[in-house]
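Reviewing the structure listed below.
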There are 2 protein chains.
Amino acid sequence: MKYTVIGTGAIGGYYGGKLARAGLEVNFLARSDYEHIKQKGLQIDSVYGDFHLNNVNVFSSAGEMPETDAVIISLKTTSNRELKNIISPLVKAGTAILVLQNGLGMEEEIQKDFPDAAVIGGMCFICSQKRGHGHIVHMDEGSVNFSPLNEKHSVLMKNIIDDFEKAEIKASYTENLKSARWGKLLWNIPFNGLSVVLNANTSEIMNSEYATSIARMILEEVMEGAEACGCTLHPDSPERILKFTRKMVPYDPSMKLDFDSRRELEIEYIYRNPIKEAEKHGVKLPLIKMLADQLSFINSRF
Amino acid sequence: MKYTVIGTGAIGGYYGGKLARAGLEVNFLARSDYEHIKQKGLQIDSVYGDFHLNNVNVFSSAGEMPETDAVIISLKTTSNRELKNIISPLVKAGTAILVLQNGLGMEEEIQKDFPDAAVIGGMCFICSQKRGHGHIVHMDEGSVNFSPLNEKHSVLMKNIIDDFEKAEIKASYTENLKSARWGKLLWNIPFNGLSVVLNANTSEIMNSEYATSIARMILEEVMEGAEACGCTLHPDSPERILKFTRKMVPYDPSMKLDFDSRRELEIEYIYRNPIKEAEKHGVKLPLIKMLADQLSFINSRF
């Protein structure tokens with residue numbers, strides 16, 4: 001299968017880079033990094049071993065890119081309003097669209113824009129960041145959990161999982177996309193937001209009884225939201241997440257990096273959509289709403 | 001009556017200064033400002049007219065101060081753990097203790113330490129701050145609403161109100177101290193905390209739909225807390241408070257000034273005590289708890 005990476009940053013640079021290194025055909029779309037990657041390639045510093053790719057197939061416009069079997073969406077969700085225009089030259093009937101983003105509701109929106117595409121969610125459990133032009137630093141973990149929006153695309157998805165595993169990416173598969181999205185939000189909702197509002201990394205949060213107490217309260221509210229939407233998460237999940245985050249390398253969540261660089265925060269998909277979904281099912285999430293409003297206030301001052 | 005001001009800052013400097021200007025005997029306790037006030041007096045820049053007091057009766061230790069009829073507590077509540085030691089040389093049976101502080105539970109604690117004193121709460125509706133040594137700036141309002149912890153001290157309190165009015169301070173009286181304290185918290189809980197967490201003054205909060213939305217949610221929760229404690233506030237209070245705050249001069253709440261100067265924040269009396277009181281009556285205040293924990297986290301980093 002041929003892959004096209006839309007957004008060559010912390011996520012797309014890492015996973016696309018590994019697929020390319022494994023010999024798969026990968027074409028990359030880049031914006032600010034286009035010239036650099038064209039000339040100097042892609043550098044991935046990874047806890048699993050550093051590597052460099054020369055002669056990267058990089059493009060500055062999707063219209064110029066070759067045909068593809070799978071489009072990897074690794075832009076931030078703050079670009080999703082432009083997504084339809086960006087990828088429409090690449091998407092045919094049956095094209096896989098792998099949504100490697102955080103939040104809720106991306107897959108449903110993309111499916112509406114491309115009714116004949118195979119939209120597949122990808123929950124990435126990874127600590128990575130773009131350190132400079134064409135330079136990705138991968139600090140921890142790296143597995144992807146795939147889940148198709150429509151079950152009929154399970155076979156296609158399994159082929160993709162095979163490719164990812166060939167590229168030495170731990171890839172798994174789950175049936176219920178919505179539950180998987182809520183499961184991922186369990187980490188993103190408390191830790192992305194608190195890292196910005198408290199201006200703290202994960203270990204500063206976990207080393208404070210106060211910040212941990214907030215994280216725990218918010219985790220419980222995410223559980224309620226998931227439950228309301230028919231996604232029952234394991235009752236131990238909040239404590240597992242706290243334990244896991246306590247053990248993580250000190251980490252600036254992506255939203256903290258966005259905040260530090262005064263880039264638009266991913267509030268709509270990570271916060272507003274889950275709040276709306278729970279509300280549709282009659283459940284309010286006031287703590288998450290307060291955190292979202294704090295983030296919106298902070299974002300409005302950039 | 002003779003007055004003793006404990007803490008010659010934004011509150012004690014202003015009210016004590018006005019009482020002294022009106023010819024009443026007022027003795028001031030000062031710490032860092034003692035030398036300055038001793039030599040250069042007290043300067044009050046007020047929207048109602050500036051004035052200067054020379055030959056201020058200022059002391060650096062309560063043990064050296066003359067006898068008094070009324071002790072005005074105008075320290076921050078963060079000093080309340082030292083309060084018993086500070087004022088015990090001044091308090092006799094029947095001495096009035098006027099508690100011009102924000103929060104909940106101060107009067108009950110002071111009464112325990114001084115069972116024969118006449119403990120009276122004073123809710124100050126004022127925008128003022130200490131700008132420098134012996135220099136108070138008064139920007140808006142200035143009324144005090146008094147309420148005795150024990151009704152038998154109503155007569156004494158009315159004499160005090162007369163003195164305050166002689167000094168051109170609008171003073172009123174209310175029977176139910178607990179309700180009055182919760183009524184005051186209705187402003188303090190949202191606006192003190194949000195000004196710190198969002199690093200914003202009152203008009204920046206009120207000009208943001210997001211920050212206003214948080215303030216409204218918290219106001220509703222303060223209403224629930226008050227209700228749980230048997231203090232029914234007027235149902236229109238939240239909207240009145242928002243309207244009033246929208247019209248206020250842009251103002252840094254006292255907690256914002258404390259934050260800017262990295263002084264300990266008044267979290268215990270303004271946040272933790274109301275949370276505890278409501279919880280005693282079976283009602284949780286999760287948004288206020290989250291705000292308090294955010295403040296405690298921020299405070300722990302000073």
Side-chain angles (χ1 to χ4, degrees), chain A residues 189-191 193-225 238 242 256 259 262 264-265 267-268 271-272 275-276 279 283-302, chain B residues 189-191 193-225 238 242 256 259 262 264-265 267-268 271-272 275-276 279 283-302:
Chain A
I189 287 178
F191 291 102
L194 289 177
S195 73
V196 172
V197 172
L198 301 178
N199 195 25
N201 68 25
T202 51
S203 79
E204 290 167 322
I205 292 171
M206 295 311 300
N207 286 334
S208 159
E209 58 170 315
Y210 304 113
T212 303
S213 158
I214 303 172
R216 183 176 277 114
M217 289 168 76
I218 291 177
L219 279 162
E220 292 297 344
E221 221 181 69
V222 182
M223 294 289 284
E224 290 170 31
L242 291 172
K256 175 69 163 60
F259 168 66
R262 300 295 184 268
E264 189 184 346
L265 305 177
I267 303 169
E268 285 306 309
Y271 293 90
R272 301 293 175 195
I275 292 169
K276 269 184 225 157
E279 198 144 355
V283 170
K284 289 197 174 185
L285 307 175
L287 296 170
I288 298 173
K289 168 80 161 59
M290 174 161 147
L291 185 57
D293 284 340
Q294 291 181 329
L295 293 170
S296 292
F297 179 83
I298 290 167
N299 196 125
S300 74
R301 288 182 145 188
F302 288 172
Chain B
I189 287 178
F191 291 102
L194 288 177
S195 73
V196 172
V197 172
L198 300 178
N199 194 25
N201 67 25
T202 51
S203 80
E204 290 166 323
I205 291 171
M206 296 311 298
N207 286 334
S208 160
E209 56 170 317
Y210 304 111
T212 303
S213 159
I214 304 172
R216 182 175 280 116
M217 288 168 76
I218 292 177
L219 279 161
E220 292 298 342
E221 220 180 70
V222 182
M223 294 289 286
E224 290 170 30
L242 291 173
K256 176 68 165 62
F259 168 67
R262 300 296 184 267
E264 190 185 347
L265 305 178
I267 302 170
E268 286 307 309
Y271 293 90
R272 302 291 177 196
I275 291 168
K276 270 183 227 156
E279 200 142 352
V283 169
K284 288 198 174 182
L285 306 177
L287 295 171
I288 297 172
K289 169 79 161 57
M290 171 160 149
L291 186 56
D293 284 340
Q294 290 180 329
L295 293 170
S296 292
F297 179 84
I298 290 167
N299 196 129
S300 74
R301 290 184 143 186
F302 289 171

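Order of the sequence lines fixes the chain letters, A, B, ..., with proteins taken first and strands second; residue numbering starts at 1 for each chain. No experiment lies behind these values; they were computed from the predicted model shown.
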Region of [X] that comes under 4.5 Å of a non-hydrogen atom in chain B:
X	answer
A:Ala292	neither
A:Leu295	neither
A:Met290	both

Mark yes or no for whether A:Asn299, through its side chain, and A:Leu265, through its backbone, hold a donor-acceptor pair below 3.5 Å.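 Judged by distance alone, yes, a pair lies under 3.5 Å.
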
Ignoring hydrogens and geometry, is there a side-chain-to-backbone donor-acceptor pair from B:Thr212 to B:Ile205 under 3.5 Å?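 It does hold such a pair.
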
In sequence, state the C-alpha distance, the side-chain angles, and the governing distance for A:Asp293 and A:Arg272, and then conclude on salt bridge (charged side-chain N to carboxylate O under 4.0 Å, His left out). CA-CA 10 Å; A:Asp293 284 340; A:Arg272 301 293 175 195; 2.9 Å; yes

State whether B:Phe297 and B:Arg301 meet the cation-pi test: NZ (Lys) or CZ (Arg) under 6.0 Å from the six-membered ring centroid, and within 45° of the perpendicular axis.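 Ring-cation test returns no.
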
Please identify, among A:Lys289, A:Glu204, A:Glu221, A:Gln294, the residue contributing the most non-hydrogen atom pairs under 4.5 Å to chain B.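 Between A:Lys289, A:Glu204, A:Glu221, A:Gln294, the count favours A:Gln294.
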
